[in-house]
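What follows is a short report on a single structure.
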Amino acid sequence: FFLNAASFFRNWRQAALDAERLKKEQMATKYESLKNQVNPHFLFNSLNALTNLVYEDQDRAADFIRQLSRVYRYVLETRSKELVSLSEELKFVDAYLVLQKARFDEKLQVDIQLKGHEHRMVPPISLQILLENAIKHNIISTEDPLHIQVFIEEDRLVVKNNLQKKNIPIEESSGMGIPNIISRFEFLTNQQVEIQDGPDEFIVKLPLLTVES
């Protein structure tokens with residue numbers, strides 16, 4: 001009886017370990033897939049922006065390409081990381097906004113207030129994706145400028161913009177931006193991404209993480 005019981009326990013324990021290992025492997029595979037979505041998503045939207053700019057101003061388009069190469073280097077350098085500091089992400093965002101200013105000038109206003117929180121962590125490209133989402137899905141014109149605010153509120157990174165939605169053709173939308181961010185945060189933490197849509201503002205709140213989160 002004792003020999004059978006010991007054998008059963010060993011087999012049960014090994015089965016539990018195998019199941020746990022398989023679960024972790026499946027989660028790791030899913031997360032790698034989510035991270036890999038970011039690269040084509042960023043390039044997809046950047047090339048769409050470049051297409052429009054080529055017709056408007058070839059000199060600015062050439063400068064856009066040079067800036068894009070610098071920005072995309074960051075995408076490649078962080079693709080293996082789960083988290084980056086806000087200071088790293090802000091360097092990337094600053095370069096990204098240079099590209100957008102080349103397109104929109106003063107029609108795009110971005111106010112970033114993150115001083116004192118630069119050591120906190122977020123998934124790579126998450127802040128940029130939120131800025132890109134606001135720029136892509138809203139009217140930006142002299143009559144209707146887009147205002148984006150980035151700040152910290154109750155240990156969360158908040159990205160807020162005035163809401164003036166425009167219609168986006170299906171072929172110009174990858175549909176991966178915010179859903180990708182939500183999925184990556186679900187993998188990394190129990191804290192939820194908060195989204196407030198309308199009537200006058202679109203707000204996304206991301207949990208600020210630490211390496212231990």
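For D111, the CG atom sits in a packed shell: over 12 heavy atoms of surrounding residues, nucleotides or ligands are nearer than 6.0 Å.
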Evaluation steps, side-chain contact (heavy atoms from CB on, under 4.5 Å), between Y96 and E132: CA-CA 9 Å; Y96 170 75; E132 181 180 71; 3.3 Å; yes
Could you please spell out the steps behind the side-chain contact (heavy atoms from CB on, under 4.5 Å) verdict for V193 and R184? CA-CA 10 Å; V193 174; R184 283 195 286 159; over 6 Å; no
Worked verdict on L114 versus I152 for side-chain contact (heavy atoms from CB on, under 4.5 Å): CA-CA 6 Å; L114 299 178; I152 304 298; 3.5 Å; yes
Show your working on side-chain contact (heavy atoms from CB on, under 4.5 Å) between D155 and R120 and close with a plain yes or no. CA-CA 10 Å; D155 212 33; R120 300 302 299 275; 2.6 Å; yes
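In terms of the side-chain contact (heavy atoms from CB on, under 4.5 Å) criterion, residue partners of I140 (sequence neighbours excluded) are, by chain and number, F104, K107, I135, L146. Judged as a side-chain contact (heavy atoms from CB on, under 4.5 Å), and not counting sequence neighbours, the contacts of E118 are S87, K115. Under the rule for a salt bridge (Lys or Arg N to Asp or Glu O under 4.0 Å), K91 has no partner lying at least two apart in sequence or in another chain. Residues satisfying the salt bridge (Lys or Arg N to Asp or Glu O under 4.0 Å) test with E153, not counting sequence neighbours, are K205. Contacts of D144 classified as side-chain contact (heavy atoms from CB on, under 4.5 Å), with partners at least two apart in sequence or in another chain: I139, S141, Q164.
Tracing side-chain contacts under 4.5 Å through hydrophobic residues (I, L, V, M, F, W, Y), one reaches V122 starting from I195; they form part of the same cluster. L209 and F187 fall within a single hydrophobic cluster, where Ile, Leu, Val, Met, Phe, Trp and Tyr are joined by side-chain heavy atoms under 4.5 Å apart, directly or via other members.
I181 is not listed as a side-chain neighbour of V204, based on a closest heavy-atom distance of 4.5 Å or more.
Atom CG of L83 is separated from atom OG1 of T210 by 8.5 Å, given to the nearest 0.5 angstrom. The distance from the CD atom of E89 to the CD atom of Q128 is 7.5 Å, given to the nearest 0.5 Å. In this structure, the separation between CE on M121 and CG on L86 is 9.0 Å, given to the nearest 0.5 Å. Going from atom CG of L131 over to atom OG of S126 covers 10.0 Å, rounded to the nearest 0.5 Å. The structure places CZ of F202 at 8.0 Å from CG of L130, a figure rounded to the nearest 0.5 Å. Taken from CD1 in I125 to CG in N180, the straight-line distance is 10.0 Å, to the nearest 0.5 Å.
Remark: the backbone N or O of P145 is paired with a side-chain donor or acceptor of N162 at under 3.5 angstrom. Panel note: side chain T189, backbone F185; no donor-acceptor pair is recorded below 3.5 Å.
Members clustered with V158: F151, I203, by chain and number, using a 4.5 Å side-chain heavy-atom cutoff among hydrophobic residues.
Nearest heavy-atom pair, P123 versus L188, reported as atom, atom and distance to 0.1 Å: CG-CD1, 3.7 Å. What you find for K166 and K136 is that their closest heavy atoms are CE-O, 2.7 Å.
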